[in-house]
Each structure stands twice: as structure tokens, then as C-alpha cells.
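What follows is a single structure, written as C-alpha cells, with notes after it.
Side chains are part of it too, since the values below use all heavy atoms of this structure and drop only hydrogens, waters and symmetry mates. One-based numbering, in listed order, for ligands and for the atoms of each. This is a predicted model, so every value here is computed, not measured.
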Amino acid sequence: MNLPHLHLISFAICPFVQRSVITLKYKQTPFDLTLIDLADPPDWFRGRSPLGKVPVLIVDQDTALFESAVINEYIDAITPPALMPADPLEQARTRAWIEYLSEQTFAQYHWMTAATEDAFELARHNAARGLERLEQQMIQDDRLGRSAFSLIDAALAPILMRYALLTDPDSPWEADAFPRLAARWDELRQMPAVRDSVPADFTAQLVDYLRAQEGFAPAHFAAKLDASA
Ligand SMILES: N[C@@H](CCC(=O)N[C@@H](CS)C(=O)NCC(=O)O)C(=O)O
């Protein structure tokens with residue numbers, strides 16, 4: 001099958017875009033990437049992205065796909081090896097856990113950007129509960145904890161990468177508390193598709209992003225990351 005031309009529209013530190021970059025790199029599929037500033041998006045982006053969100057994947061300069069889970073399923077369908085299971089029940093379960101990870105991505109974002117100390121604590125608690133439930137699932141359910149790479153991993157890696165970067169006594173993430181997740185992150189972080197899914201100056205870009213926000217958590221992390229960037 002001749003591959004269509006794939007053009008991914010991105011915002012540099014977006015974890016949802018990163019899901020698609022991981023999938024494209026895992027499949028060793030060529031693609032163009034255009035970065036936009038979400039604070040000041042270009043006019044053409046509004047026309048291409050019905051929700052005004054990234055990622056958008058423009059296929060053959062023509063069709064714009066949106067929603068990272070949908071984009072990843074499309075990439076998976078047109079490039080071997082297939083990551084989505086063939087069995088309809090397993091497909092549905094895969095989609096459900098990817099949706100769960102979307103919630104955890106937002107929980108992490110709320111924690112990283114909490115405006116007040118109270119909101120930071122609440123967000124930490126919510127994110128920790130989400131991680132605990134995931135850890136339990138991985139213990140009970142070998143299909144989730146197995147080592148073969150999956151579309152679930154493409155959604156999990158951006159979250160764990162950010163927790164690994166934002167080490168903090170008030171982090172929901174503790175490697176000792178989540179041994180299954182920590183072991184999975186150890187495997188994922190060594191994969192070239194995951195390692196190369198963010199730019200070399202990712203930490204600096206995250207600091208810049210946080211510095212541009214206001215409130216308790218951004219100031220807290222920007223100062224910490226600044227020192228280590
Ligand atoms: N459900 C969407 C979420 C994408 C999303 O929230 N992207 C953020 C950047 S990380 C965005 O574009 N935000 C802009 C906005 O909400 O206006 C997906 O999975 O693609």
C-alpha cells in the first residue's frame with residue numbers, strides 16, 4: 001500500500017500530540033510536523049481543527065483528522081505492524097483504557113498548572129488515585145501489563161515522561177508505590193520511538209510554558225526545572 005502524505009500539526013509540549021509522534025516513530029513512518037502556538041493559532045488552523053485542538057493529522061494535504069486516539073488508530077491501520085488487537089472485545093478495551101489515560105493526562109495537567117496550593121493538593125490526590133487504579137489494573141490484567149508495545153503505551157508514555165521529569169515530594173507519582181507502572185516506564189523510556197518523541201530541549205520548553213502560566217504550581221515547577229534544565 002502506498003502511504004499517504006502525513007502532516008502532523010503540533011504544539012511542542014502537548015502530550016496528546018506526543019501519542020501520535022510515538023506511534024508514527026514506532027511505525028517508522030515519514031511525516032511532516034508543523035508547530036503552532038496554541039495561544040495565537042494561525043487562521044488556517046481554525047479551519048482544520050473543529051475543536052481548536054492539536055493534534056491534527058492532515059492526510060494527503062486534504063483530509064484533516066482530529067483527536068489523538070482516532071489519529072493513532074488511523075496510523076495503525078495503514079502501517080504495519082498492527083498494534084490494535086483483532087478481537088472486537090480487545091479493541092473496545094484498548095479504546096476504553098486510552099480514554100482512561102486521557103483523563104490521567106488532564107489530571108496531571110491540573111496538578112502541573114494548579115493556581116493555588118489547595119488546588120495543587122487536590123489535583124495531586126486525584127492524579128494519585130488515577131495512578132493507583134491503573135497500577136491495580138496492571139496487576140490483575142496481564143494484557144495491560146505485558147511488554148509488547150501497544151496503543152495504550154503510546155498514551156501512557158507521555159504521562160510517565162512528565163512525572164519522571166517533575167520529581168517532587170508532592171508528586172502523585174512515586175516509583176515505589178507503583179512498581180508495575182515504574183517497570184513499564186523503564187521499558188518504554190528506552191524505546192527510540194518514545195525517547196525521540198520530544199525535542200532535545202523539551203525540559204526547557206516545558207519550563208517556558210510553565211513560566212508563562214500564573215499561579216502556585218507553575219511557579220513551583222518552573223523554578224525547579226530551571227535549575228535542572
Ligand atoms: N481529546 C483531545 C485532547 C487534545 C488537547 O487537549 N490538546 C490540547 C493541547 S495538549 C489543545 O489543543 N488545547 C487547546 C484548547 O483546548 O483550546 C485529543 O486526544 O486529541
- So which heavy atom on D76 is nearest to which on M84, and how close? OD2-N, 2.8 Å
- Note on the structure: Per the under 4.0 Å non-hydrogen criterion, ligand 1 touches C14, P15, F16, L38, G52, K53, V54, P55, E67, S68, F106
- Geometric class of the F11/Y209 ring pair [parallel <30°, tilted 30-60°, perpendicular >60°]: perpendicular
- Task: Flag the pair E132 and R129 as a salt bridge only when some basic side-chain nitrogen lies within less than 4.0 angstrom of an acidic carboxylate oxygen.
- Result: no
- Message: So, using ring-ring contact (aromatic ring centres under 6.0 Å, His included) as the criterion, who are the partners of F66 when residues are at least two apart?
- Response: none
- Message: Tell me if the CD atom of Q140 is crowded by more than 12 foreign heavy atoms within 6.0 Å.
- Response: yes
- Looking just at side-chain N and O atoms, do D170 and H220 make a donor-acceptor pair shorter than 3.5 Å? no
